[in-house]
Amino acid sequence: MIIHQGTLSPPAGRFAIVAARFNQEIVARLVEGARTGLAKHGLADDCMELAWVPGSFEIPLAALGLAESGKYAAIICLGAVIRGDTDHYDYVASGAATGIAQVALKTGVPVIFGVLTCDTEEQALDRAGGKEGNKGFDAALAAIEMVNLLRQLPGK
Ligand code: INI
């Protein structure tokens with residue numbers, strides 16, 4: 001059996017991060033986590049670009065433009081959606097998740113879902129460099145792995 005597995009060795013190419021400004025204190029920690037994850041795996045800071053958008057709902061549109069430009073090996077999407085008193089949370093979280101998945105499938109570029117969806121700010125902080133790790137860091141590793149995997153798999 002041939003087994004394909006993306007490694008974490010540094011791939012050639014540029015990495016774009018799309019980050020939501022809403023809950024910016026938390027998202028800034030995710031951005032730092034992603035940057036650290038890329039750097040720890042051999043990617044230079046000048047291979048990384050960061051685009052801020054107003055909220056997680058706007059992430060897919062910015063990610064689409066970046067992915068369609070053909071300039072990036074992967075797009076890492078970071079945001080923090082925290083449940084409030086209304087069902088607004090559900091629309092923002094599902095819009096972000098569905099949109100991000102659509103961008104990846106439409107363009108063939110790995111577009112990584114690093115958007116926290118939490119009930120409380122405490123849960124989000126735990127996942128943005130707290131006791132549950134940093135999901136930005138994890139998203140960076142997922143991006144590297146997917147770039148390397150897709151370069152191994154038979155393409156179109
Ligand atoms: N955007 C977030 O990224 N996180 C949230 O928790 C959030 N809440 O709770 O409202 C949020 N809303 C803004 C939304 O992403 C859009 O920016 C806004 O609706 C304009 O389209």
Side-chain angles (χ1 to χ4, degrees), residues 6 8 11 13-41 43-150:
L8 292 178
R14 303 185 66 70
F15 284 71
I17 298 170
V18 180
R21 229 172 24 244
F22 205 100
N23 294 316
Q24 189 167 17
E25 192 194 317
I26 293 162
V27 181
R29 297 179 194 200
L30 297 176
V31 170
E32 271 319 296
R35 194 173 177 179
T36 304
L38 294 174
K40 279 207 167 157
H41 289 83
L43 287 147
D45 212 47
D46 61 9
C47 293
M48 306 174 202
E49 290 180 39
L50 169 63
W52 287 101
V53 293
S56 295
F57 196 79
E58 284 73 38
I59 289 174
L61 184 58
L64 179 64
L66 292 164
E68 284 184 338
S69 76
K71 290 185 181 161
Y72 303 95
I75 320 285
I76 299 164
C77 300
L78 303 175
V81 191
I82 301 176
R83 195 179 289 282
D85 295 333
T86 69
D87 57 3
H88 189 67
Y89 163 99
D90 298 293
Y91 291 100
V92 174
S94 88
T98 309
I100 288 167
Q102 281 175 346
V103 175
L105 295 175
K106 179 167 188 244
T107 62
V109 175
V111 185
I112 305 301
F113 183 63
V115 178
L116 301 176
T117 55
C118 299
D119 288 332
T120 65
E121 189 175 319
E122 187 188 356
Q123 286 177 347
L125 286 166
D126 286 346
R127 290 159 179 76
K131 64 182 186 210
E132 302 291 339
N134 189 312
K135 300 301 170 193
F137 184 96
D138 298 347
L141 271 55
I144 295 170
E145 180 178 338
M146 284 303 293
V147 171
N148 287 326
L149 176 68
L150 293 187

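One-based numbering, in listed order, for ligands and for the atoms of each. Values below: every heavy atom of this structure, side chains too, minus hydrogens, waters and symmetry copies.
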| remark: For atom 7 (C) of ligand 1, the closest protein heavy atom turns out to be F22 CE2, 3.3 Å
| query | With a cut-off of 4.0 Å, which atoms of ligand 1 are near a heavy atom of F57? | reply | 14 (C), 15 (O), 16 (C)
| query | Between V115 and ligand 1, which part of the residue brings a heavy atom under 4.0 Å of the ligand: side chain, backbone, both or neither? | reply | neither
| query | For atom 10 (O) of ligand 1, which protein heavy atom lies nearest, and how many Å away is it? | reply | H88 CD2, 3.0 Å
| Where is the nearest protein heavy atom to atom 3 (O) of ligand 1: which residue, which atom, and how far? | S56 OG, 2.7 Å
| request: State whether the side chain of N134 and the backbone N or O of R29 hold a donor-acceptor pair below 3.5 Å, judged by distance alone. | output: yes
| A20, any N or O under 3.5 Å of ligand 1 N or O | no
| query | Hey, does A80 come in under 3.5 Å of ligand 1, counting only N/O atoms on both sides? | reply | yes
| message | How close do A96 and S56 get, counting heavy atoms only, and between which atoms? | response | CB-O, 3.6 Å
| How long is the gap from OH on Y91 to CZ on F57, to the nearest 0.5 Å? | 10.5 Å
| remark: Between A74 and A143 the two heavy atoms that sit nearest each other are CB-CB, 4.0 Å
| Is there a donor-acceptor contact under 3.5 Å from the side chain of R127 to the main chain of G136? | no
| message | To the closest 0.5 Å, what do you measure between NZ (K135) and CG (D126)? | response | 10.5 Å
| field | Those atoms of ligand 1 less than 4.0 Å from some heavy atom in N23 | value | 4 (N), 5 (C), 6 (O)
| remark: Nearest heavy-atom approach of C77 to V111 is SG-CG1, 3.6 Å
| task | Please write down residue, atom name and distance for the protein heavy atom closest to atom 17 (O) of ligand 1. | result | E58 OE1, 2.6 Å
| Step by step, would you call I82 with I26 a side chain to side chain contact (heavy atoms under 4.5 Å, CB included)? | CA-CA 11 Å; I82 301 176; I26 293 162; 3.8 Å; yes
| query | Where is the nearest protein heavy atom to atom 6 (O) of ligand 1: which residue, which atom, and how far? | reply | I82 N, 3.0 Å
| said: Tell me whether V92 has any N or O atom under 3.5 angstrom from an N or O of ligand 1. | reply: no
